[in-house]
Amino acid sequence: MRWSKLYLPTYKESPSDAEIPSHQLMIRAGVIRKLTAGVYTFLPLGYRVLKKIENIVREEMNRTGSQEILMPILHPAELYEESGRLQNFGPELFKLNDRKNRLFALGPTHEEVVTDLARTEIRSYRQLPQCLYQILTKFRDEIRPRFGVMRAREFIMKDAYSFHESHESLEETYRTMADAYRRILNRCGLENIMVEADAGVIGGDVNHEFIVFAEEGESEIFTCQCGYTANSERAESAGRPLKSPEKILASPMRVETPGQKTIEEVSRFLNTEPSQLVKTLLYRSGEEVVAALIPGDRSLNETKLAKLLQDPWIETLDDESIRKLTGAEAGYSGPVGLPDKTRIIADTLLDDYEGMIVGANENDTHLRGVKMGRDFEPTETASISTVKSGDRCARCGESELVTRRGVELGHIFKLDTKYSKSMNATFLDQQGKEREFIMGCYGFGVSRAVAAAVEANHDDRGILWPLSITPFDAIMLPINVSDTHTMEVAESLYAELTEAGWEVLFDDRDLRAGFRFKDADLVGIPIRITLGERNLKTNKIEIYHRRDDRSELVDREDVIGVLADVYGSLR
RNA sequence: CGGGGCGUAGCGCAGCCCGGUUAGCGCGCCUGCUUCGGGAGCAGGAAGUCGGAGGUUCAAAUCCUCUCGCCCCGACCA
């Protein structure tokens, strides 16, 4: 491809709305262009990368025996009423009406559609197991689209769905898929990890995310030497030893804390550590009021609480409601003396506490030496606080958890009968008995993978495409496009490489060399073939390896061999 | 949804507070000359409903109201 003919517009400056490196570089390097918030066009360069990733995904899915299909994007809303997700997906679901005012949705994923397909088509256990997948555009009305194609409202995803008669069969496919995801990410040249995760609106119990490491990634994960890995929504820890435990007193002691409302203020005022305090966070879940107790130096993990309460719509009480419930301003809430009907959930880390300092439910007052089980009785104990780097691992109880950031590219779920049950999707088993499908689903963010690849592979000059997904194998740059000899060599080399099946971007633009060098660095093709008049006099051609920032001079005849060496088994 | 910010040429911005006649700058774009191994120089040029609507005023990019769009932070830390 000749750059002079290719639609590859580059910018020296990045647009003001691009925050993270991948977004800035994808705009600057002509990979994507924004149409409106969270909606992007893939330009030729970006589309080439996208297709390469798609193909890797397709090959690996086919290898598992999964079959590609294409389901509709436009879904009748009734399907979502059946599964209950018209409510549960909430405002994220893009909805629209047809001319007869019938409600439709733009598919955010296809559990309902594929389950509907299975329930009408798969009648017998003899047809199981079955795994179907597709690669197509999905829609989610994100609360806050950002980072370009990383969190978009319209994006391309590979989604696969498996149907089974037994949990053993599901387990087998689940493992096969996990393995396939590993292979996909490794083939894309992306360093990754599988972690335990929260299932969110998809549902089901067992699920794992595949995270590609990147400094600016939106996901935070925790890992332990023992092999435990989980994302921040899911991770549990055994906490860490308390520095100076609060002693239990014969009975709670009231202390005046005038005007001290935050954990920081109170701990400073009482000359103690934030960890000695216990935060009481008041939530409303439906009609119920829930008091969540967590260590003062930690945050509540709302995902965990929502899951525990089986209510995705929990919300904190407003100040007025807190006054009514506790008789005190927010900031002085505590577990002692709350109305009986209040559900008290204590974080598991509080089991290690002897005494604690809590709000007294009275303005300007806290209680010291409080003992859980004596001064108040928690309704239940559960892990509801966030994990911190350096905590002891909950799994092995010994090593410290380490945190890293990354981008979530894959998420696989054991759905069990969540959808088959609500949508009455059944088959006949060997005994002729009607049974619900046991299902799994497996998502992979294809368009997001392009962004993740850039996020994980760039330097201060531009993108560094991994070899397996680079839009072109090499970029050929004749220094002086008006030098006849240079261009003769360029044309013949270009023809030869193209003939041999290499995809070469020929920068034949009549621009200064320096300008085109900068462009080449920005665009990030792994190999640059530079043709200079001086070197050509001795039949030498310069090969520049972008990622290593390294050049070598080779004979014209050896150029093709260098390419073959670099790409090795990739082609 | 709450708070904040921004919409002025394709991109990045100034001008607005303190209203005034031709609305500027950089990059990019077009023409010419010179230059030509790391985002060239000079000269000339094209390009803007100042997001939209309404209002105040002799006069609005500038003040007021509404509206649309975009961005950031928040929507756990009592």
Side-chain angles (χ1 to χ4, degrees), chain A residues 9-20 23-24 27-28 30 33-39 90-91 141 143-148 232-233 257 259-267 274 277-283 290-306 313-323 325-326 328-335 347 358-361 363 366 384-386 388 461-462 477-483 486 507 509-523 528 530-536 542 544 549 551:
Chain A
T10 59
Y11 290 146
K12 188 148 66 171
E13 294 171 292
S14 54
S16 58
D17 60 0
E19 281 279 301
I20 60 173
H23 187 191
Q24 295 171 346
I27 299 292
R28 288 186 52 205
R33 285 291 182 266
K34 180 167 86 170
L35 176 63
T36 183
V39 181
D141 196 356
I143 300 179
R144 202 177 147 197
R146 58 181 142 177
F147 304 148
S232 59
E233 291 176 337
T257 49
Q260 314 296 311
K261 302 177 86 169
T262 66
I263 293 290
E264 203 155 276
E265 288 166 355
V266 175
S267 59
L277 275 63
V278 169
K279 267 195 266 205
T280 304
L281 305 171
L282 297 167
Y283 275 81
V290 175
L293 306 186
I294 58 172
D297 60 336
R298 296 196 180 244
S299 304
L300 181 81
N301 184 327
E302 269 197 343
T303 308
K304 288 182 183 174
L305 184 63
W313 310 117
I314 53 169
E315 54 180 11
T316 52
L317 289 194
D318 56 82
D319 290 358
E320 177 60 35
S321 302
I322 291 178
R323 272 194 291 276
L325 184 84
T326 68
E329 296 292 323
Y332 301 102
S333 304
D347 187 60
V358 300
N361 295 325
N363 282 347
H366 280 74
I384 53 172
S385 64
T386 54
K388 290 203 233 176
R461 289 179 296 156
L477 197 158
I479 297 289
N480 184 356
V481 295
S482 40
D483 178 64
T486 302
D507 192 354
R509 295 174 300 170
D510 187 10
L511 296 169
R512 299 166 62 84
F515 187 95
R516 289 181 292 145
F517 282 141
K518 294 289 187 194
D519 254 359
D521 288 343
L522 175 63
V523 162
R528 189 184 73 209
T530 315
L531 306 171
E533 287 176 75
R534 211 176 318 129
N535 289 326
L536 285 177
E542 177 184 324
Y544 173 72
D549 189 27
S551 292

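Sequence lines set the chain letters: A, B, ... in the order given, protein chains first and strands last, and positions in each chain run from 1.
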So if I take every side-chain heavy atom of [X] and compare against [options], which nucleotide ends up nearest?
| X | options | value |
| --- | --- | --- |
| A/F517 | B/rG39, B/rC76, B/rG37 | B/rG37 |
| A/S299 | B/rC72, B/rU35, B/rC76 | B/rC76 |
| A/I143 | B/rA75, B/rC70, B/rC72 | B/rA75 |
| A/T386 | B/rA40, B/rC76, B/rC70 | B/rC76 |
| A/T10 | B/rG39, B/rU35, B/rC71 | B/rG39 |
| A/P15 | B/rC76, B/rC70, B/rG12 | B/rG12 |
| A/Y283 | B/rG37, B/rC71, B/rC76 | B/rC76 |

So which nucleotide does [N] pair with, by the Watson-Crick or G-U wobble rule with both distances under 3.5 Å?
| N | value |
| --- | --- |
| B/rU35 | none |
| B/rG26 | B/rC11 |
| B/rU56 | none |
| B/rA46 | none |
| B/rC70 | B/rG5 |

Atom CD of residue position A/E264 - does it have more than 12 heavy atoms of other residues, nucleotides or ligands inside 6.0 Å?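 Count not over threshold, so no.
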Distance, [atom1] atom - from [M] to [N], rounded to whole angstrom:
| N | M | atom1 | answer |
| --- | --- | --- | --- |
| B/rC42 | B/rC6 | C1' | 37 Å |
| B/rU57 | B/rC16 | P | 24 Å |
| B/rG41 | B/rA23 | P | 28 Å |
| B/rG51 | B/rG10 | P | 13 Å |
| B/rG12 | B/rG55 | P | 32 Å |
| B/rC70 | B/rG24 | C1' | 24 Å |
| B/rC50 | B/rG15 | C1' | 10 Å |
| B/rU31 | B/rA47 | C1' | 15 Å |

Are the side chain of [X] and the backbone of [Y] linked by a donor-acceptor contact shorter than 3.5 Å?
| X | Y | answer |
| --- | --- | --- |
| A/R516 | A/L511 | yes |
| A/D510 | A/V481 | no |
| A/T262 | A/E265 | yes |
| A/T386 | A/S299 | yes |
| A/D347 | A/L293 | no |

Students often get this wrong, so: under 4.0 angstrom with heavy atoms, is [X] touching a base, only sugar-phosphate, or nothing?
| X | result |
| --- | --- |
| A/I263 | sugar-phosphate |
| A/E13 | base |
| A/R28 | base |
| A/R528 | base |
| A/I294 | nothing |
| A/L522 | base |
| A/I322 | base |
| A/N535 | base |
| A/R146 | sugar-phosphate |
| A/S333 | nothing |

[X] has an atom [atom1]; how far is it from atom [atom2] of [N], in whole Å?
| X | N | atom1 | atom2 | answer |
| --- | --- | --- | --- | --- |
| A/N480 | B/rG37 | CG | P | 9 Å |
| A/E19 | B/rC70 | CD | C1' | 13 Å |
| A/D510 | B/rA40 | CG | C1' | 14 Å |
| A/E533 | B/rG37 | CD | P | 10 Å |
| A/E302 | B/rG74 | CD | P | 14 Å |
| A/K12 | B/rG12 | NZ | C1' | 12 Å |
| A/D17 | B/rC72 | CG | C1' | 11 Å |
| A/L281 | B/rC76 | CG | P | 10 Å |

Would you indicate, yes or no, if [N] has its OP1 or OP2 atom less than 4.0 angstrom from a side-chain nitrogen or oxygen of [X]?
| X | N | value |
| --- | --- | --- |
| A/S14 | B/rG12 | no |
| A/K34 | B/rC71 | yes |
| A/T36 | B/rC70 | yes |

Report the residue (A/D519 or A/K279) whose heavy-atom-nearest nucleotide on RNA chain B is the more 5′ of the two.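 The residue closer to the strand's 5' end, by nearest nucleotide, is A/D519.
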Walking RNA chain B from its 5' end, the first of A/S16 and A/R509 to be reached, judged by nearest nucleotide, is A/S16
Roughly how far, to the nearest 0.5 Å, is the CG atom of A/N361 from the NE2 atom of A/H366? 10.0 Å
Pair of N/O donor and acceptor under 3.5 Å linking B/rG37 base with A/E542 side chain: yes
Residues which pass side-chain contact (heavy atoms from CB on, under 4.5 Å) with A/S232, listed by chain and number, not counting sequence neighbours: A/E220, A/F222
Is A/K304 salt-bridged to A/E233, going by a charged N under 4.0 Å from an acidic O?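 Judged by the 4.0 Å cut-off on N to carboxylate O distance, A/K304 and A/E233 do not form a salt bridge.
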